[in-house]
Amino acid sequence: MAEFTHFNEEGRAKMVDISVKEKTSRRAVAISSVLMSKAVYENITEMKNKKGDVLAVAQVAGIMGAKQTSALIPMCHPISITGVDLSFEWEPVEDEQYKLLIQAEVKTVGSTGVEMEALTAASVTALTVYDMCKAVDKGMVIGPTYLLEKSGGKSGDFKRGE
């Protein structure tokens, strides 16, 4: 197991120095989901939400979340993101419930990865869906949220399940 890199010699928090790291093409994909009732599903798919197009707003929120990651997570470096793509997929679940699967892909060319940006994008997207639909049903469940894959950088590639 690798050592923690966000602590100095005194055991205090520090931001890792990435100035010596090579700039490479980096990509990360994160997944989240929102489990919801049929009423919320129909509210979204039939465009009945008074706040607007839920998935369009959530998609923009996820992109904004990726761009603001370093402002939210203390040890994340502000990075130049070269692309963010969010996609949605519906999955029927038993008991007249539906799951909205959210996939966030983030890319950069830089000295540090974009895993946190992808995870933040997926999370903010899910939170926005909840916020826009909570008037219909506050019982929605967000998650799990996890890194599906990442490429580039010193630590190499990662694919969940491999």
Side-chain angles (χ1 to χ4, degrees), residues 2 4-8 12-36 40 43-44 47 49-91 99-160:
F4 290 112
T5 57
H6 288 80
F7 296 103
N8 65 16
R12 316 262 298 133
K14 74 169 187 173
M15 182 179 255
V16 174
D17 179 4
I18 61 170
S19 63
V20 295
K21 292 174 75 177
E22 185 178 334
K23 289 187 179 190
T24 61
S25 179
R26 297 159 185 266
R27 174 183 171 269
V29 178
I31 301 291
S32 191
S33 63
V34 183
L35 183 65
M36 62 189 67
V40 175
N43 178 273
I44 294 170
M47 303 290 231
N49 196 290
K50 293 177 183 176
K51 294 181 179 181
D53 182 338
V54 173
L55 298 185
V57 173
Q59 191 164 23
V60 172
I63 292 167
M64 292 173 68
K67 292 166 54 175
Q68 292 297 315
T69 300
S70 66
L72 299 169
I73 312 294
M75 300 305 161
C76 284
H77 293 83
I79 62 173
S80 177
I81 294 173
T82 59
V84 179
D85 188 22
L86 283 133
S87 59
F88 303 101
E89 184 178 323
W90 289 104
E91 182 180 293
K99 183 182 286 187
L100 176 63
L101 297 171
I102 300 162
Q103 180 172 301
E105 177 184 35
V106 181
K107 294 179 181 179
T108 191
V109 175
S111 302
T112 191
V114 287
E115 298 92 16
M116 293 308 299
E117 286 75 8
L119 288 161
T120 301
S123 298
V124 170
T125 301
L127 288 166
T128 302
V129 169
Y130 186 96
D131 178 57
M132 292 188 71
C133 298
K134 67 183 183 275
V136 177
D137 182 7
K138 291 176 180 50
M140 292 173 279
V141 176
I142 295 173
T145 302
Y146 56 91
L147 182 67
L148 180 65
E149 61 186 70
K150 75 98 166 164
S151 61
K154 181 180 164 185
S155 66
D157 295 351
F158 166 83
K159 288 192 182 203
R160 183 163 293 283

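When reading the values below, keep in mind they use all heavy atoms of this one structure, side chains included, and skip hydrogens, waters and symmetry mates. Since the structure is predicted, the reported quantities are computational estimates derived from the model, not experimental observations.
- Going from atom OG of Ser87 over to atom CG of Leu55 covers 11.0 Å, rounded to the nearest 0.5 Å.
- Considering Asp157, Thr24, Val29 in turn, Asp157 is the only one that fulfils the side-chain contact (heavy atoms from CB on, under 4.5 Å) rule with Ser151.
- Other residues, nucleotides and ligands contribute over 12 non-hydrogen atoms within 6.0 Å of the NZ atom of Lys51.
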Show which side-chain atoms of residues 57-74 pair as donor or acceptor with protein atoms under 3.5 Å away, not counting sequence neighbours.
{"from": "Gln59", "atom 1": "NE2", "to": "Leu86", "atom 2": "O", "distance (Å)": "2.9"}
{"from": "Thr69", "atom 1": "OG1", "to": "Gly65", "atom 2": "O", "distance (Å)": "3.1"}
{"from": "Thr69", "atom 1": "OG1", "to": "Ala66", "atom 2": "O", "distance (Å)": "3.0"}

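- Remark: Arg27 pairs with Glu105, Glu149 by the salt bridge (charged side-chain N to carboxylate O under 4.0 Å, His left out) rule, at least two apart or across chains.
- Considering CD1 of Ile81 and NZ of Lys107, their distance stands at 13.0 Å, rounded to 0.5 Å.
- The shortest side-chain heavy-atom distance between Met36 and Leu100 falls under the 4.5 Å cut-off.
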Contacts under 3.5 angstrom, residues 108-122 side chains, donor-acceptor by atom type, not counting sequence neighbours:
{"from": "Thr108", "atom 1": "OG1", "to": "Ser80", "atom 2": "O", "distance (Å)": "2.5"}
{"from": "Ser111", "atom 1": "OG", "to": "Lys21", "atom 2": "O", "distance (Å)": "3.3"}
{"from": "Thr120", "atom 1": "OG1", "to": "Met116", "atom 2": "O", "distance (Å)": "2.7"}

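- The environment of CE in Met47 is sparse: at most 12 heavy-atom neighbours from other residues, nucleotides or ligands sit within 6.0 Å.
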* To do: Begin from the C-alpha positions of Glu91 and Ser33 and carry the test side chain to side chain contact (heavy atoms under 4.5 Å, CB included) through to its verdict.
  => CA-CA 10 Å; Glu91 182 180 293; Ser33 63; over 6 Å; no
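- Here CD1 of Ile102 is found 6.0 Å from CZ of Phe88. Values are rounded to the nearest 0.5 Å.
- Met75 and Ala13 get closest at one heavy-atom pair: CE-CB, 3.4 Å.
- Residues Thr125 and Ser32 are not in side-chain contact: their nearest non-hydrogen atoms beyond the backbone lie 4.5 Å or more apart.
- For Asn49 (side chain) and Met132 (main-chain N/O), a donor-acceptor pair under 3.5 Å exists by modelled atom type.
- Here the closest heavy-atom approach between residue Leu147 and residue Phe158 is recorded as O-CE2, 3.7 Å.
- Checking side-chain atoms of Tyr130 against main-chain N and O of Val141 turns up no donor-acceptor pair under 3.5 Å.
- Distance check, rounded to the nearest 0.5 Å: OG of Ser19 to NE2 of His77 gives 9.0 Å.
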